[in-house]
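Take a look at the structure set out below.
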Amino acid sequence: MSADAPEQKDDAVTLVSSIAYGFMGSQALFAALELGLFSALATGPLTAEEISARTGAHIGPLHALLHALTGLGLVLRENERYRNSKAAARYLVRESRGYMGEYYLRQIADTLYQQLPQARAVLRGEARDTTYSSFLDDPVRTELFIRGQHAGSAGPAFLLARNADFSAYRRMLDLGGGSGAFSIEIARRWPQMSAIVFDQPGVIRFAEQFVADAGLSERIDCASGDVVNDSWPEGCDLILMSYIVSSYRPEDLRALLVRAFGYLPAAGGIMIHDFAMHDEQPGPRNAALWSFANLAISATTHPHTISDIATAMSDAGFSPVDARPHIPDITFLFTGCKP
């Protein structure tokens, strides 16, 4: 090529490289969160030297991190001073209402990130026994995962409690309820509601703590067991399944919904909050990525489409069935009623 020839932009290699280098951006985000960098910038623009003094980061490596964060669009640079982007200010500053840092550090960085190569082993047929239960065999990992889950579920739970209508129900069975974040937010907003959080024994001990910390132990019970293999606690007129149906194969999902229909009284309801794929187009992107990543926790993970879940609910007997986006680009909310 002549030295005078115009440079050809290769969008294809940029696309592929951006995917391959994606883990570098994740680590830059985690490093900044650990340092409290975004919180340091919450008071206003700072120089690199000022950021170093506030966070304790060494100035040399800090320059590399700041360039990475600027390239990612999380930090903006004006002359020699840095400030948070709107996204960083909203979700990465510890004092903000929408803070997600605890979730990214505990559940993503400390647990899922290190577990993710297991998904490749599942694809090779080497880890077919990977299950949610086995993933939680390690008490230390379980604590990190559940505390991160609680932080990450606060926003989605708040949205569900605010946007969904719970007025017809009195007691909810929160199947695979994890930390109890959804039950807590629903009980806070709907005074007539009580709930039972049902999950693995190693998870329930943390749910009990979160429920007690919220001052809701008299309205939210916690019970341990396996969603598929054990009996469910009785006496509820609403079932919530949040982030669990994506871990099941289509036939197991259908069986779970038939069981849920049989459990509920007449006029009882079901709500499913989970990742789901579009029917006629790719994505949503983040939901598709989560569907792959979840293989590292459950080898039976399946990328159900919106119509897959809605049809399975209808076939189980629920009517009417409704589906709508919940977290943009990630999850959907499905609702149904037992006639």
Side-chain angles (χ1 to χ4, degrees), residues 14-35 65 68-69 71-72 74 87 91-92 100-156 176 178-179 181 199-200 202-203 206 242-249 252 273-277 282-304 327-332:
T14 299
L15 170 64
V16 174
S17 295
S18 294
I19 296 171
Y21 302 157
F23 74 97
M24 301 178 187
S26 299
Q27 290 293 352
L29 170 61
F30 302 153
L33 286 168
E34 285 181 340
L35 290 169
L65 176 60
L69 296 174
L72 291 168
L74 294 175
Y91 297 112
L92 303 178
M100 297 287 288
E102 194 76 2
Y103 162 65
Y104 294 140
L105 285 175
R106 290 183 181 270
Q107 190 175 74
I108 305 302
D110 288 346
T111 52
L112 185 59
Y113 196 96
Q114 299 177 41
Q115 180 76 8
L116 202 51
Q118 186 79 352
R120 291 153 55 193
V122 169
L123 288 168
R124 295 192 299 267
E126 299 170 4
R128 296 176 181 176
D129 59 346
T130 299
T131 64
Y132 180 64
S133 297
S134 63
F135 173 73
L136 296 175
D137 281 346
D138 182 344
V140 175
R141 182 167 61 189
T142 298
E143 180 170 5
L144 287 170
F145 185 80
I146 295 302
R147 291 192 181 281
Q149 181 192 65
H150 190 72
S153 294
S179 70
D199 211 316
Q200 299 289 328
V203 172
F206 295 106
S242 182
Y243 296 126
I244 69 167
V245 304
S246 54
S247 294
Y248 297 119
R249 299 185 182 98
D252 297 323
H273 168 245
D274 216 317
F275 312 109
M277 305 300 115
R285 178 180 182 274
N286 287 339
L289 290 173
W290 258 109
S291 182
F292 169 74
N294 205 56
L295 287 169
I297 299 174
S298 173
T300 58
T301 295
H302 185 83
H304 302 288
I327 308 174
D329 194 38
I330 303 181
T331 65
F332 290 82

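Not measured: the values here are computed from a predicted model.
For D199 (side chain) and G178 (main-chain N/O), a donor-acceptor pair under 3.5 Å exists by modelled atom type. A donor-acceptor distance shorter than 3.5 angstrom exists from the side chain of T111 to the backbone of R106, with no hydrogens or angles considered. With hydrogens and angles disregarded, a donor-acceptor distance shorter than 3.5 Å links the side chain of Q115 to the backbone of A296. Between the side chain of T300 and the backbone N or O of R249 there is no donor-acceptor pair closer than 3.5 Å.
Considering every non-hydrogen atom in both H304 and Y248, the closest pair reads NE2-O, 2.8 Å. Nearest approach of V203 to I146, heavy atoms of both residues: CG1-CD1, 3.8 Å. Taking all atoms of both residues into account, the shortest heavy-atom contact from L105 to F30 is CD2-O, 3.7 Å. Considering every non-hydrogen atom in both Q107 and F145, the closest pair reads NE2-O, 3.3 Å. The shortest non-hydrogen separation linking A68 to A28 is CB-CB, 4.2 Å. Shortest non-hydrogen contact noted between S153 and A181 is CB-CB, 3.7 Å.
Considering only heavy atoms from C-beta on, L92 comes within 4.5 Å of L33 through its side chain. Residues S26 and Y113 form a side-chain contact, since some pair of their non-hydrogen atoms from C-beta on lies under 4.5 Å apart.
Counting non-hydrogen atoms of neighbouring residues, nucleotides and ligands closer than 6.0 angstrom, the CZ atom of R285 reaches no more than 12 such neighbours. The number of heavy atoms from other shown groups lying within 6.0 Å of OH (Y91) does not exceed 12.
Rounded to the nearest 0.5 angstrom, E34 CD and Y104 OH are separated by 15.5 Å. Annotation: the span from I327 atom CD1 to D274 atom CG amounts to 10.0 Å, rounded to 0.5 Å. Note that NE2 of H273 and CD1 of I330 are 8.5 Å apart. Values are rounded to the nearest 0.5 Å. Rounding to the nearest 0.5 Å places NE2 of H302 at 8.0 Å from OG of S291. With rounding to the nearest 0.5 Å, the separation of CH2 in W290 from OG1 in T301 is 10.5 Å. Atom CD of Q27 and atom CG of L65 lie 11.0 Å apart (nearest 0.5 Å).
Classification of the F275-Y243 ring pair by plane angle, with boundaries at 30° and 60°, yields tilted.
When only modelled atom types and interatomic distance are considered, Q114 and R141 share no side-chain donor-acceptor pair under 3.5 Å.
The residue from H150, E143, Q149 that alone fulfils the side-chain hydrogen bond (donor to acceptor under 3.5 Å, both in side chains) condition with R147 is E143. Checked against S134 for a side-chain hydrogen bond (donor to acceptor under 3.5 Å, both in side chains), the options D137, D138, T131 give a single hit: T131.
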